Number of protein chains: 2
Amino acid sequence: MNRNPLADLGNLGDYLREQRESHKLSLRQLSDLVGVSNPYLSQIERGLKKPSAEILQQLAKGLQVSAESLYVRAGILEDRPVPDTEATTVRTAIAADPDLTQRQRDALIDIYESFVGAAKPVRPKRTATRTTTTKE
Amino acid sequence: MNRNPLADLGNLGDYLREQRESHKLSLRQLSDLVGVSNPYLSQIERGLKKPSAEILQQLAKGLQVSAESLYVRAGILEDRPVPDTEATTVRTAIAADPDLTQRQRDALIDIYESFVGAAKPVRPKRTATRTTTTKE
DNA sequence: CCAGTGTGCTTGCTCTAGTTAGCAAAATGC
DNA sequence: GCATTTTGCTAACTAGAGCAAGCACACTGG
């Protein structure tokens, strides 16, 4: 999954610079806007430094993009966290529910399986229909 | 809007410890599982250190929770990362599952709500309106 | 021609995330 | 009773994120 973090960083940096320039902001202007020093912004955009999630969050606000999209580019979020609309949905929904403890999940899935009478394996579906990389 | 990182950290740490213990893992076992040193895990759980998104991602995998939920707790993601994946999803998934009888659906939802302690009214949503037009 | 201001970038520095080595206390076994 | 292991934790350290200060180059315009 994360093969070469530096390459991904370059990608992220390019994207950030692109966004900044499309907003017609200088490094100092963006720096002032998001509260991150301008030399550091420069290094991020050139892929020399790896920004933390906090910095990315600030940048997302300043550049008016979703934080998630930056996280995905930074490699700290999966592309599409939840696929659904299938028979596996109950299982995946239970598995992904943050309000449940693991034991509760196990119990629920147990009950569910006793209901449907099946022991289907959880299949990780891949629905990657959503890359905003419209640069071609 | 005025976030207090330390308070959130305590919350995150408590949650992580809870998850780890519910999996019946020791610090060293989890350490070995997710590739993070056990002293550091200890410090994270007690709210002494603030884990990066990478660490949180590893922990999410090891503890089988969604990375998003950890990010939200860590304060680096807004509360609704995915529109309809959270609490309503288990309900809608159950309601939409063709393999269940109505009585089984009621029973499952009953159990689920007793778990999460929610008293939300069961809204007769048909199919999960999944027009997830991500803004951008 | 040289002051002023804008751009991005380099250089040191601080601070902290995350590590390895090692500790005291509790459990298990002889 | 005492070894051994396993528990969580403390201490000392390294690497790198993120900062303030300052540089070189381009523009104005006087």
Side-chain angles (χ1 to χ4, degrees), chain A residues 2-63 67 70-71 73-77, chain B residues 3-63 67 70-77:
Chain A
N2 213 353
R3 47 219 278 244
N4 200 346
L6 255 52
D8 287 348
L9 269 190
N11 180 21
L12 174 66
D14 288 347
Y15 175 73
L16 286 173
R17 172 154 295 186
E18 194 176 298
Q19 287 297 313
R20 175 175 63 85
E21 291 179 343
S22 80
H23 282 250
K24 306 221 184 309
L25 293 170
S26 70
L27 282 174
R28 279 178 176 78
Q29 285 172 331
L30 180 59
S31 165
D32 204 43
L33 183 62
V34 301
V36 174
S37 73
N38 71 82
Y40 187 44
L41 288 178
S42 169
Q43 289 165 333
I44 291 173
E45 289 184 351
R46 285 175 299 148
L48 300 180
K49 292 287 177 77
K50 181 181 178 183
S52 70
E54 282 81 2
I55 298 290
L56 289 178
Q57 198 180 26
Q58 298 305 316
L59 285 172
K61 286 179 189 169
L63 295 175
L70 292 188
Y71 292 170
R73 276 176 200 269
I76 62 177
L77 250 194
Chain B
R3 75 181 42 140
N4 197 347
L6 256 50
D8 287 349
L9 269 189
N11 180 21
L12 173 68
D14 288 345
Y15 175 72
L16 286 173
R17 172 154 295 187
E18 191 176 304
Q19 287 296 313
R20 175 175 64 85
E21 291 179 343
S22 80
H23 281 251
K24 307 220 186 307
L25 293 170
S26 70
L27 283 173
R28 279 180 177 78
Q29 286 172 331
L30 181 59
S31 164
D32 205 43
L33 182 62
V34 302
V36 175
S37 71
N38 69 82
Y40 188 44
L41 289 178
S42 169
Q43 289 166 332
I44 291 173
E45 290 184 351
R46 287 176 296 148
L48 299 180
K49 292 287 178 72
K50 180 180 178 182
S52 70
E54 281 82 2
I55 298 290
L56 289 177
Q57 200 180 24
Q58 299 303 317
L59 285 172
K61 285 180 188 167
L63 295 175
L70 292 188
Y71 292 172
V72 169
R73 277 176 200 267
I76 62 177
L77 249 195

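Just the heavy atoms: all of them, side chains too, but no hydrogens, waters or symmetry mates, feed the values below. Because the structure is a prediction, the values reported are computed rather than measured.
If you take NZ of A:K50 and P of C:dA17, they are 15 Å apart, rounded to a whole angstrom. Atom P of nucleotide C:dC9 and atom CG of A:L48 are separated by 9 Å, given to the nearest angstrom. A:Y40 places its OH atom 17 Å from the C1' atom of C:dG8, with the value rounded to the nearest Å. Atom CD of B:Q43 is separated from atom P of D:dG8 by 14 Å (rounded to the nearest Å). A:R46 has its CZ atom 10 Å from the P atom of C:dT11, to the nearest Å. The separation between A:L41 atom CG and D:dG18 atom C1' is 10 Å, rounded to whole Å. Atom CG in A:L12 sits roughly 13 Å away from atom P in D:dA17 (whole-Å rounding). Atom C1' of nucleotide C:dG8 and atom CD1 of A:I44 are separated by 14 Å, given to the nearest angstrom.
The stretch residues 25-35 of chain A touches DNA chain D through A:R28, A:G35, each having a heavy atom within less than 4.0 Å of the strand.
Separating the OG atom in B:S26 from the CD atom in B:E21 is a distance of 11.0 Å, to the nearest 0.5 Å. Note that CG of A:L59 and OH of A:Y15 are 11.0 Å apart. Values are rounded to the nearest 0.5 Å. The distance from the CG atom of B:L41 to the CD1 atom of B:I55 is 8.0 Å, given to the nearest 0.5 Å. Atom CG of A:L16 sits about 9.5 Å away from atom CG of A:N11, to the nearest 0.5 Å.
Distance from the side chain of B:N38 is smallest to D:dC9 among C:dG18, D:dG18, D:dC9.
Remark: the backbone N or O of A:I76 is paired with a side-chain donor or acceptor of B:Y71 at under 3.5 angstrom. Judged by distance alone, the side chain of A:R20 and the main-chain N or O of A:L25 form a donor-acceptor pair under 3.5 Å.
When side chains are defined from C-beta on, B:P51 counts as touching B:Y40, because their heavy atoms get closer than 4.5 Å.
In terms of phosphate contacts, A:S37 brings no side-chain nitrogen or oxygen within less than 4.0 Å of OP1 or OP2 of D:dG18. Residue B:S42 has no polar side-chain atom (N or O) positioned under 4.0 Å from OP1 or OP2 of D:dT10. Side-chain nitrogen and oxygen atoms of A:R17 include none within less than 4.0 Å of the OP1 or OP2 phosphate oxygen of C:dT7. For A:R20 and C:dT7, the shortest distance from a side-chain N or O to OP1 or OP2 is not below 4.0 Å.
Side-chain N/O atoms of A:K49 and base N/O atoms of D:dG16 include no donor-acceptor pair closer than 3.5 Å.
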